[in-house]
Amino acid sequence: MAATNTEVWQLGTVVQAAEVATDIRRIVLEPSLPKKAEPGSHIDVKITVGGETQKRSYSVLETNEDGSRLVISVFKVPASRGGSIFMHTLQPGDMLEITQPLQNFPLRVGASRYVLLAGGIGVTAITDMARVLRNLKANYTFVYVARNRAAMAYWSELQELHGENLVLHVDEESGILDVPGIVAGVDSDTELYMCGPIRLMDAVRRAWLERELSVPNLRYETFGNSGWYNPEDFLVRIPRLGIEANVPQGRSMLEALEDAGVDMMSDCRKGECGLCEVRVLQLDGALDHRDVFYSPRQQKAAEKMCCCVSRAVAPGTSSLPDNGHTRGPAVVTIDVA
Ligand code: FES
């Protein structure tokens, strides 16, 4: 699912910005080179924080016919390296470097039934799909899950628009979502589109494979910042190149290696394409695989990792068992292609 679109950079002017849920800001942009955004599109945004230019991807939540207005929503990431905090400071009149809408999560029209599953801020990738399916009078169920209502952007608007097709699930009110139950209600012709935290998507993937449903009928969009454990600082070493680099909480291993002068391959930077793969030679700690590229078996083997998103966590922290090795940061010894 790597992006295959050509990036056309342009200026986007902020025309509205407001908080719509806890830590979620809705931002309306007017691009200088409008292009209609199809459902599942995203834009890339360049932001400069602390003198460093970063690129971030945001799903297009809404657009108009000619694409002269693009709506995104930004979640303020707790361990942000500054990008989402910067986006939360934007005010009308500010300008940003943005791409035209890019597509790597297309909606296939014509399936006999759809299930759309959005977890938290993942609703931004799903909302426009749901609107299109509603307009097409398609057979669809839109499941929207969040930990509480305060963290659930747009739920009342969505309820009004989708009525009985929308299933709202609030963890603090109803407990954990019954993922196997959702997948059990899917038939072989149903397509399921999902975007949300890695735990949710992993649970769906496992239930999907257990039922031996068609793999192409399961489609997803990832966020490269969602993991099994809280991010923490760790060390990466490449003995062959004499490199040792610290990977701070708010940066990826890929970025830390690039900063250290290592020539790295990458494309999606979202854990989807596998191009940034590194071989793990030794590990003091545990890997927090955040990709969707490897199978669960490959992830468990801990022999390779997608360094654009995956991290390491120390034993004795982050709910991992303390094996008595160390209380310091995790250390990953790797080699690169
Ligand atoms: S760059 Fe695509 S998985 Fe890392």
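Only this structure's heavy atoms are used, side chains among them; waters, hydrogens and symmetry mates stay out. Just follow the structure's listing: the first ligand is 1, and inside any ligand the first atom is 1.
Panel note: side chain R56, backbone M87; no donor-acceptor pair is recorded below 3.5 Å.
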Trace of the side-chain hydrogen bond (donor to acceptor under 3.5 Å, both in side chains) decision for E38 with S41: CA-CA 6 Å; E38 299 299 332; S41 302; over 6 Å; no
Point to revise | side-chain hydrogen bond (donor to acceptor under 3.5 Å, both in side chains) between N165 and T141, intermediate numbers included | key: CA-CA 5 Å; N165 288 328; T141 302; 5.6 Å; no
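For atom 4 (Fe) of ligand 1, protein N/O/S neighbours under 2.8 Å (waters excluded) are C276 SG, C308 SG.
The neighbour count for D66 CG, taken as heavy atoms of other residues, nucleotides or ligands under 6.0 Å away, is above 12.
Taking the six-membered ring where tryptophan is involved, the planes of F142 and H162 are perpendicular, since the angle between them exceeds 60° and thus also 30°.
Salt bridge annotation for R147-E172: absent, with no cationic side-chain nitrogen under 4.0 angstrom from a carboxylate oxygen.
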